[in-house]
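Just so we're on the same page: letters track the sequence lines, and every chain starts at 1.
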Amino acid sequence: MSLRKFIVDWLDLRLGVRDLVEQNLTRYLLPRNINIWYSLGAVLLTLFGLQFLTGFLLLIYYVPDTTQAFASVKHITNEVPYGWLIRNTHAVGSNLIVVVLLLHMLSALFMSAYKKPRELTWLFGFILFNLTLALCLTGYLLPWSQLSFWATTVATEAPGAIPVVGEHVVRFLRGGAMVGEATLGRFFALHVMGLPLLFALMLGLHLFCVRRAGISRPPFGRDYRPAPKRHSFEHEYHPGGIPFFPNYAVKEGAVVCFFLALLAVLVFFAPNLFIPPAAFEPANPFVTPERIKPEWYFLWAYQTLKIFPSEAMGLAVQGAAMTFLALLPFIDRFSERRPARRPLFVGCFVLGILLFIGLSLWGHWS
Amino acid sequence: MDIKADDINRRRVLLGTLLGGLGAVLAAAGVYPVWRFLAPPATDEALDQVTLFRDQVPLGGAHFFNFRGRPAVIIQMRPGDFTAFSAVCTHLGCVVQWQAAEQRFLCPCHAGLFSADGAVIGGPPPRPLERLAVSLRDDRILVG
Ligand code: FES
């Protein structure tokens, strides 16, 4: 105990750590009626940390070369001690992240946390969402399997439908006319360096916004009142709330543990749930496997492209939907946040989810 | 029933020990795979043999090759007379060079000198170069 006190005293004198801990943990109060949906951010932070760690480890053995990539991934999975664990955690983890990310966004939408004054928080979060999808897409190519090769061929083909510049965009993405060595090089660089750096920056901004504005009060309960209109910056305090540490942190820890357990179950008992058989054959640019499909979280986009008579139109609809989502806080400006009093919004919310699920299933079975 | 202060204290210690123990077990479960993942593969060194071809080794010259993960050298002094050494200097571990004109090994780091049969003839190295077993089969040379 005295050693601990000595260390804390030493740090306190220099950095004022006791004050920092009080301000950010023990005396940092959250709304009394805060619910577990608010802990998904912490879950994501943990999962992304795990992706960073496992990705860093995989980098030690992975060879970004079209003649060696597949063999190096196979080597990691089959020969390097615990390579299967590191690799499957990375691959399954990315799928779990998309699930939690969607839940995180849905909860923010449902409780209208994106509304004024938190427009920037939403916007940075939305960019993080897109960066995550880009990380998933670029990571998908790296094992250089039949699945990687053809999924990337399909995905990079899509912008070809844009009038006039389409062909150039495709060439630029691929670094050539076809998916090949040049594509692997640029996707590798993006996946391990470019996107993670951007991601870290956006994450910093997102968290800064969250911390600066203060946690938004869940719009439930009898004593909920919409916040009065504000014209100057004000941190949202919650007097009489519960301390972040230990009260809420413990709850958050429990949710994090739940998702880590889920990840462990998938990694140990169903590692191939998200990995179709084409992932186990080396890429062959001369043979397209049958029934090649993008990952489940891109199925909706894949199906939209197929529904519309022209691909350009499908792309335009997708772009419009994403832009609408990104700018939602600037479009939806009413201050009412209680779902019960926003039937139109809740209706669109439910329809949107059903549309996403419907399109995905359609894309999956077609 | 009222709970006494040292009762609470005892529970705290118990809870702390349990949580600490659980944390240690979980940490070990995470660290062990990472450590194994990073550890270089253990090779069954004793069985590793390197096969070379006779014409790879010039007469009066040396051929450097990789033997069990370390540099090694083989020389042919008289036709058909092959001698192999570990090329790692016995002083501080630099890799020796073959000086064809003088027919000796020079270690560039601290000017250690070895004769063609590995003996120290100058400089700081304390021991002769480690000799490797060589056997001949047709046009091939097996080392190790
Ligand atoms: S290491 Fe070879 S002489 Fe010092």
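Atom CD1 in A:Ile60 sits 4.5 Å away from atom CG in B:Leu38 (nearest 0.5 Å). Interatomic distance, CG of A:Leu260 versus CG of B:Leu26, reported as 10.0 Å (0.5 Å rounding).
In this structure, the side chains of A:Ile76 and B:Phe37 come closer than 4.5 Å at one or more pairs of heavy atoms. Taking 4.5 Å as the limit, some side-chain heavy atom of A:Tyr82 sits within range of a side-chain heavy atom of B:Tyr32.
By the neighbour-count criterion of 12 heavy atoms within 6.0 Å, atom CZ of A:Phe199 is densely surrounded, having more than that number from other residues, nucleotides or ligands. Within a 6.0 Å sphere centred on CZ of A:Arg14, other residues, nucleotides and ligands contribute more than 12 heavy atoms. Annotation: B:Arg140, atom CZ; neighbour count of heavy atoms from other residues, nucleotides and ligands within 6.0 Å does not exceed 12. More than 12 non-hydrogen atoms from other residues, nucleotides or ligands lie less than 6.0 angstrom from CH2 of A:Trp296.
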